[in-house]
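To start, the structure under review is shown below, and the notes come after it.
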Amino acid sequence: MRGNSRSLRHLPQSSTNTDVGPPQDDDSCPPPARHAPRRGNPSGERQRGSAPASVDNSQQRRVFTGRLRTTTASGQKDTVAWQFTYSTTKVSEQFTRQYTNVERINVLLIVVLIQALDIPLKTCSVPICEACDHSCVPVCLSVQMTAQEVRLCGLLLREHYGEVVEKVGTHLLRSGAQNLRTIVHETGMPLDLVKKCLCVLVQHGACVFSLGRKGPGSPTEYQTSCSQILTILRYPRYIYTAKTLYGDTGELIVEELLQRGHMTMSSTVKTVADRLTQNMEDGRSMDYSEVSSSFSKLVETHFLQRCPPLPGAGTTDSTTPAAPAAPATPATPAARVSTAPPTPESFSDCYKVPHVTLCGRGKRQLSSEDGEDQRNAKKAKLDSDTHGDEGIYWQVNFERFHLHFRDQAIISAVANKLDQTSSEIVRTMLRMSEVTTSPIATCTKPLSANEIFRSLPSNYNIARPILDQYLTLLVDDPMEFVGKAGESGGGMYVVNLHRALANLARATLESVVQERFGSRSARIFRLLLRKRHLEQKQVEDFAMIPAKEAKDMLYTLLSQNLAQLQEIPKTPDYAPSRTFYLYTVNQLPTARMLLQNCFKTVANLIDRRLFEAKENKRLLEKSQRIEAILASLQASGAEPEQLTEVEEMITAPEKQQLEGLRLHINKLDSAENQVDETIFLLESYINSTASSTS
């Protein structure tokens with residue numbers, strides 16, 4: 001940049017993107033007002049990506065224009081033209097004194113441009129400048145989440161906890177960590193209502209709190225976790241997995257913990273036993289010991305874990321809501337609020353089941369009004385009983401469920417690619433390495449062929465030579481789900497977790513392209529993924545597609561950011577006749593873009609479902625009232641004529657409309673679950689890529 005300015009060349013390297021790095025050690029601070037900005041470029045070079053500044057001396061106004069390269073959250077690169085004007089008159093003298101350094105002004109432009117791209121940002125504080133004794137413009141910017149994620153989180157909070165909790169939760173998502181006084185002021189809600197909302201979020205692990213960033217004595221700050229809120233999408237999947245592995249008892253245990261955030265083992269066992277007894281035949285009941293056994297199995301397999309204890313109480317303000325009796329999430333008194341979920345390594349007793357003294361069987365719920373007084377009389381007695389686990393609370397370990405989902409996706413892919421026996425071998429390898437493999441590892445620990453042979457299920461009568469042939473087939477497969485790590489013990493084999501996730505994400509991208517643009521576009525997309533860089537003529541030849549159609553398909557993929565165009569000039573002037581134009585597909589940015597589209601899709605599905613329920617609210621309420629009346633009459637032994645009379649309260653057209661509404665809502669629910677499977681797969685691939693490169 002020329003004129004009374006300094007070039008963008010002096011900014012930190014990453015400051016022209018949405019991911020702006022921390023301030024560099026050699027970055028200069030704004031000089032005092034008496035220091036005039038340096039004129040011209042000392043090197044005498046015209047900087048690429050910048051334009052000369054036009055100066056209007058009569059009005060003492062400086063106008064800077066240029067083009068700034070940015071990158072969106074989905075990986076899409078963009079070049080945005082900008083123009084910034086600031087004055088040196090006395091009206092803005094204070095502004096000039098603080099921000100005379102044009103490098104800092106350009107950072108302001110970056111903030112404006114990123115916000116124009118609708119990406120919420122979090123600004124980090126920087127120290128006072130020693131030269132001018134003024135705070136510099138925050139340079140350390142980090143992208144919290146996209147607008148689609150915030151919208152989806154808001155819809156999930158509204159659907160499960162109400163509009164009031166949604167308002168507080170989305171405010172914290174957009175604003176970052178804030179203390180209670182600031183939340184009350186900016187949301188305009190009563191103090192007691194904000195406290196209740198924060199308690200609900202903390203209870204379900206969607207909010208963490210710690211000492212303020214200003215050190216001891218500062219008020220407690222609260223921050224919501226976007227990833228924790230998004231797990232609400234998978235609640236049905238968690239419950240179904242628990243039912244598949246541990247039956248109805250495991251299903252109800254996980255369901256109770258998801259509904260209440262965290263519970264003690266004794267209260268969970270009692271509640272689940274009562275619910276199971278309620279659905280049994282008269283004269284039968286569920287024993288507490290059976291439910292305790294299922295609870296212990298869930299803990300042994302790490303599907304449940306203890307809530308980590310809170311650290312030492314710190315200094316808080318008088319308006320801070322009291323922490324719940326049970327810890328929901330860990331928090332450390334540090335300068336930054338930690339939003340990381342609890343891990344098994346948080347403390348030593350995370351998976352230790354306490355000795356609980358529970359004797360008895362589940363009790364049926366009293367439905368008559370006469371039993372209300374009896375229940376109230378027994379409540380105080382039940383609450384006063386001690387079972388040996390007071391203060392020990394349990395929560396669902398989402399990370400363990402996610403590892404199970406990942407393993408099931410890999411096993412299903414192997415079964416579809418090869419056969420059931422191969423998938424059972426991979427299942428055995430994954431089961432053997434569950435404890436020894438880190439959740440962020442790119443591959444499992446090496447296993448010998450002898451160990452795999454001894455660990456195969458007894459119903460699979462596979463001879464040792466046949467097992468060796470299957471392992472060789474898995475190693476030679478182009479998908480590379482299994483790799484060979486050595487020759488000892490009959491051969492050492494590993495499951496390539498990162499490679500498997502990459503292949504699954506690649507198949508998902510190809511499927512999306514085929515569904516949206518047809519099989520020929522999918523053929524070109526696969527070709528670019530395999531060959532990496534191709535010219536348009538090469539794409540036409542390899543894909544065996546006419547030139548006109550191939551050109552249209554390539555431009556369509558390019559316009560949808562599914563393919564990228566790379567310029568390789570022969571000469572520095574970038575003349576089109578002397579430049580190679582290569583088409584390519586970057587799998588990771590494309591996966592990020594598709595992930596954002598999936599968030600938008602799920603939000604639209606939830607919006608539509610809520611709209612349908614609102615439009616037919618009267619009919620749904622009438623149906624629920626009639627169902628409640630029928631259940632009450634059946635429990636009291638009413639005659640069939642009475643039941644028929646109540647059923648006829650809904651007319652035939654209303655029944656038809658109600659049936660169509662339920663069918664439509666079921667389709668929307670099913671679509672949400674299917675899109676969530678895609679979200680999980682893409683998130684696993686992106687996180688695995690980040691772990692492998694770090």
Side-chain angles (χ1 to χ4, degrees), residues 234 237 241 398-449 451-452 455-456 467 469-486 491-514 522 525-526 529-530 532 585-592 594-595 598 674-694:
R234 302 195 181 103
R237 199 173 177 187
T241 301
F398 298 113
E399 186 66 29
R400 179 64 183 87
F401 275 100
H402 293 169
L403 295 179
H404 178 77
F405 297 158
R406 179 201 65 186
D407 294 346
Q408 293 302 311
I410 295 175
I411 293 169
S412 177
V414 173
N416 294 333
K417 184 72 166 57
L418 299 175
D419 60 358
Q420 191 64 33
T421 305
S422 301
S423 68
E424 194 61 38
I425 294 173
V426 175
R427 184 195 304 273
T428 303
M429 296 175 66
L430 291 171
R431 187 178 66 250
M432 294 171 63
S433 58
E434 277 180 349
V435 181
T436 59
T437 303
S438 171
I440 61 174
T442 58
C443 60
T444 62
K445 295 294 183 180
L447 300 170
S448 66
E451 293 175 332
I452 298 173
S455 301
L456 284 173
L467 175 63
Q469 293 178 8
Y470 269 106
L471 289 172
T472 303
L473 179 64
L474 287 168
V475 172
D476 295 338
D477 187 77
M479 303 294 284
E480 299 182 7
F481 286 108
V482 177
K484 195 168 186 179
M492 303 295 291
Y493 297 91
V494 297
V495 179
N496 295 320
L497 301 175
H498 174 64
R499 190 67 58 82
L501 291 174
N503 287 327
L504 292 176
R506 179 175 178 171
T508 302
L509 296 177
E510 294 175 359
S511 175
V512 170
V513 174
Q514 181 167 348
F525 188 80
R526 284 192 293 267
L529 279 173
R530 184 174 302 176
R532 299 297 180 89
V585 173
N586 296 325
Q587 183 169 330
L588 184 60
T590 306
R592 289 198 183 103
L594 181 59
L595 179 62
C598 290
Q674 292 175 0
V675 177
D676 179 64
E677 293 180 6
T678 304
I679 290 176
F680 172 76
L681 191 60
L682 295 175
E683 282 183 339
S684 300
Y685 163 65
I686 293 171
N687 295 334
S688 176
T689 304
S691 301
S692 62
T693 56
S694 60

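In what follows, every heavy atom counts, from backbone to side chain, and hydrogens, waters and symmetry copies are set aside.
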Measure across Thr444 and Val495 and return the closest heavy-atom pair with its distance rounded to 0.1 Å.
OG1-N, 3.0 Å
Out of curiosity, Thr590 OG1 to Leu595 CG, how far, rounded to the nearest 0.5 Å?
12.5 Å
Salt bridge between Arg406 and Glu683, side-chain N to carboxylate O under 4.0 Å?
no
Leu501 CG to Asn687 CG distance, which is reported to the nearest 0.5 Å:
9.5 Å
Which atom of Thr428 lies closest to which atom of Ser455, heavy atoms considered:
CG2-O, 3.5 Å
Surrounding CZ of Arg532 (heavy atoms of other residues, nucleotides or ligands, distance under 6.0 Å), is the total greater than 12?
no
Validation row: Ile686, Leu588 side chains within 4.5 angstrom (heavy atoms):
yes
Could I get the full list of side chain to side chain contact (heavy atoms under 4.5 Å, CB included) partners for Ala441, not counting sequence neighbours?
Thr437, Ser438
Do Glu424 and Arg427 sit within salt-bridge range, that is, some charged N less than 4.0 Å from a carboxylate O?
yes
Verify the neighbour count for atom CD1 of Ile440: are there more than 12 heavy atoms of other residues, nucleotides or ligands below 6.0 Å?
no
Judged by atom type as modelled, is there a donor-acceptor pair below 3.5 Å linking the side chain of Ser511 to the main-chain atoms of Ala507?
no
Shortest non-hydrogen contact between His498 and Thr689, atoms and distance:
CE1-OG1, 3.4 Å
Could you state the interatomic distance from OG1 (Thr421) to CD (Gln469), rounded to the nearest 0.5 Å?
12.0 Å
Can you tell me how far apart CG (Leu430) and NE2 (His404) are? Round to the nearest 0.5 Å.
11.0 Å
Which residues satisfy the salt bridge (charged side-chain N to carboxylate O under 4.0 Å, His left out) test with Asp419, sequence neighbours excluded?
none
Non-hydrogen atoms of Gly483 and Val475 that approach each other most closely:
C-CG2, 4.2 Å
Which pair of heavy atoms, one from Gln420 and one from Ala415, lies closest together, and at what distance?
OE1-CB, 4.2 Å
Student check: side-chain heavy atoms of Phe405 and Gln408 closer than 4.5 Å
no
Side-chain contact, heavy-atom cut-off 4.5 Å: Leu456 with Leu467?
yes
Give, for atom CZ of Arg526 and atom CZ of Arg506, the distance between the pair rounded to the nearest 0.5 Å.
9.5 Å
Can you tell me how far OH of Tyr685 sits from CG of Asn503, rounded to the nearest 0.5 angstrom?
10.0 Å
Which heavy atom of Val494 sits nearest a heavy atom of Pro446, and at what distance?
CG1-CA, 3.5 Å
Flag the pair Leu474 / Ser422 as yes when at least one side-chain heavy-atom distance between them is below 4.5 Å, and no otherwise.
yes
Would you please name every residue forming a salt bridge (charged side-chain N to carboxylate O under 4.0 Å, His left out) with Glu451, sequence neighbours left out?
none
Would you call Arg234 and Phe401 a side-chain contact if the rule is heavy atoms closer than 4.5 Å?
no
Has Lys445 got more than 12 heavy atoms of other residues, nucleotides or ligands less than 6.0 Å from its NZ?
no
Under 3.5 Å: donor-acceptor pair, side chain of Asp477, backbone of Leu473:
no
